[in-house]
Amino acid sequence: AGLSKRMGNINKLLIDVGGKTILEHSVINALSYSNDITVITGYERERSEDILKNYPVKVIYNPQYENGQESSLRCLLSHTQSDIIVTLADVPFLQREDFIKAEINLKDVLAARPLFNGIAGHPVALKKELVELILSSDKRVRDVIKEHPHNFYSGRRESIIDIDDPASLNAIKEHIK
């Protein structure tokens, strides 16, 4: 639900790559794991929601999307009543196995996140108890997570590949055909 500022005037999630938008690639990958998917929209809401109507997902609009990713994450968390696995729509290479691994690694901690070469990636799994702590705190989500038992586990390279600028978009276009 961000503004895609580093992409100039282009909404990176709505760029067609290999016959589908980046948003669609991410939704399809998430649906390979679960049929209970929620997508937060913001910037260019109508265009995103027009695409999402073709998929069995719940859509929630974040009217404060201009306040950044943190506001969209809090919007999502305020609509959940259970453990949750969160990812960004601009991380288009996640597969079913990535979501399963996040779920498995959440067993004895409040949060689990993959690491690849020391870089934290996606998806991020959160226990309901941690979601409640996040929502009751004024601290940033990542700071609340750091204060509680969490698990970093070995992830795939794809867990850290996202689209932040035109160069990363061009690299991703080479992988999605």
Tyr33 vs Ile85 side-chain heavy atoms within contact, under 4.5 Å = yes

Shortest non-hydrogen separation from Leu52 to Thr41 and the atoms involved = CD1-CG2, 4.0 Å

Under 3.5 Å, is there a donor-acceptor pair between the side chain of Lys101 and the main chain of Ser154?
-> yes

Shared hydrophobic cluster, Phe116 / Tyr153 (ILVMFWY, side-chain heavy atoms < 4.5 Å) = no

Out of curiosity, Thr80 OG1 to Glu132 CD, how far, rounded to the nearest 0.5 Å?
-> 9.5 Å

Side-chain (Arg96) to main-chain (Asn29) donor-acceptor, under 3.5 angstrom | no

Let me see the working for Leu23 and Ser48 under side chain to side chain contact (heavy atoms under 4.5 Å, CB included), right down to the final yes or no.
-> CA-CA 8 Å; Leu23 176 59; Ser48 297; 4.1 Å; yes

Answer yes or no: does atom CD of Glu129 have more than 12 heavy-atom neighbours from other residues, nucleotides or ligands under 6.0 Å?
-> yes

Quick one: does Ser137's side chain have a donor or acceptor within less than 3.5 Å of a partner on Leu133's backbone?
-> no

Does any non-hydrogen side-chain atom of Lys127 lie less than 4.5 Å from one of Leu106?
-> yes

What one should report as the nearest heavy-atom pair of Asp90 and Ser26 is N-OG, 4.5 Å

Under 3.5 Å side-chain donor-acceptor pair for Ser71 and Asn62 = yes

Gap separating the CZ atom of Arg47 from the CG atom of Leu14, nearest 0.5 angstrom | 4.5 Å

Could you pull out the closest heavy-atom pair between Ser34 and Asp36, with the gap in Å?
-> OG-N, 2.9 Å

Non-hydrogen atoms of Ala102 and Ala112 that approach each other most closely = O-CB, 3.9 Å

For Thr38 and Ile84, run side chain to side chain contact (heavy atoms under 4.5 Å, CB included): C-alpha distance rounded to whole Å, both residues' side-chain angles, the deciding distance at 0.1 Å, then the answer.
-> CA-CA 10 Å; Thr38 300; Ile84 186 170; over 6 Å; no

Could you tell me the separation between the CD1 atom of Ile40 and the CG atom of Leu76, rounded to the nearest 0.5 Å?
-> 4.5 Å

Indicate, with yes or no, if Leu115 and Leu88 share a hydrophobic cluster defined by side-chain heavy-atom contacts under 4.5 Å among Ile, Leu, Val, Met, Phe, Trp and Tyr.
-> no

Say you draw a straight line from CG of Leu110 to CG of Asn151; how long is it, rounded to the nearest 0.5 Å?
-> 11.0 Å

In Å and rounded to the nearest 0.5 Å, what is the CD1 to CZ distance from Ile145 to Arg113?
-> 7.0 Å

Between Tyr65 and Tyr43, what is the ring plane arrangement, given parallel below 30°, perpendicular above 60°, and tilted in between?
-> tilted

Exercise: identify the closest heavy-atom pair between Leu130 and Ala111 = CD2-CB, 3.6 Å

Could you go through the side chain to side chain contact (heavy atoms under 4.5 Å, CB included) check for Ile160 and Asn117 one step at a time?
-> CA-CA 10 Å; Ile160 63 168; Asn117 286 346; 5.7 Å; no

CD1 of Ile28 to CD1 of Ile37: how many Å apart, nearest 0.5 Å?
-> 12.0 Å

Within the side chain of Arg156, is there an N or O that forms a donor-acceptor pair under 3.5 Å with the backbone of Phe93?
-> yes

Without swapping roles, check the side chain of His25 against the backbone of Val17 for a donor-acceptor pair under 3.5 Å.
-> yes

Are Val141 and Ile60 connected in a single hydrophobic cluster, I mean Ile/Leu/Val/Met/Phe/Trp/Tyr linked by side-chain heavy atoms less than 4.5 Å apart?
-> yes

Can you find a pair of side-chain heavy atoms, one from Asp98 and one from Pro114, that are under 4.5 Å apart?
-> no

Same apolar cluster: Phe99 and Val109, side chain cutoff 4.5 Å | no

Cluster overlap Val59 with Leu13, hydrophobic side-chain contacts below 4.5 Å = yes

When every non-hydrogen atom of Ile51 is compared with those of Glu24, the smallest separation belongs to CG2-CG, 3.4 Å

Side-chain (Ser78) to main-chain (Cys75) donor-acceptor, under 3.5 angstrom = yes

Please indicate whether Asp108 has more than 12 foreign heavy atoms, meaning atoms of other residues, nucleotides or ligands, lying under 6.0 Å from its CG.
-> no

Should Arg74 and Glu70 count as an ion pair when the cut-off is N to O under 4.0 Å?
-> yes

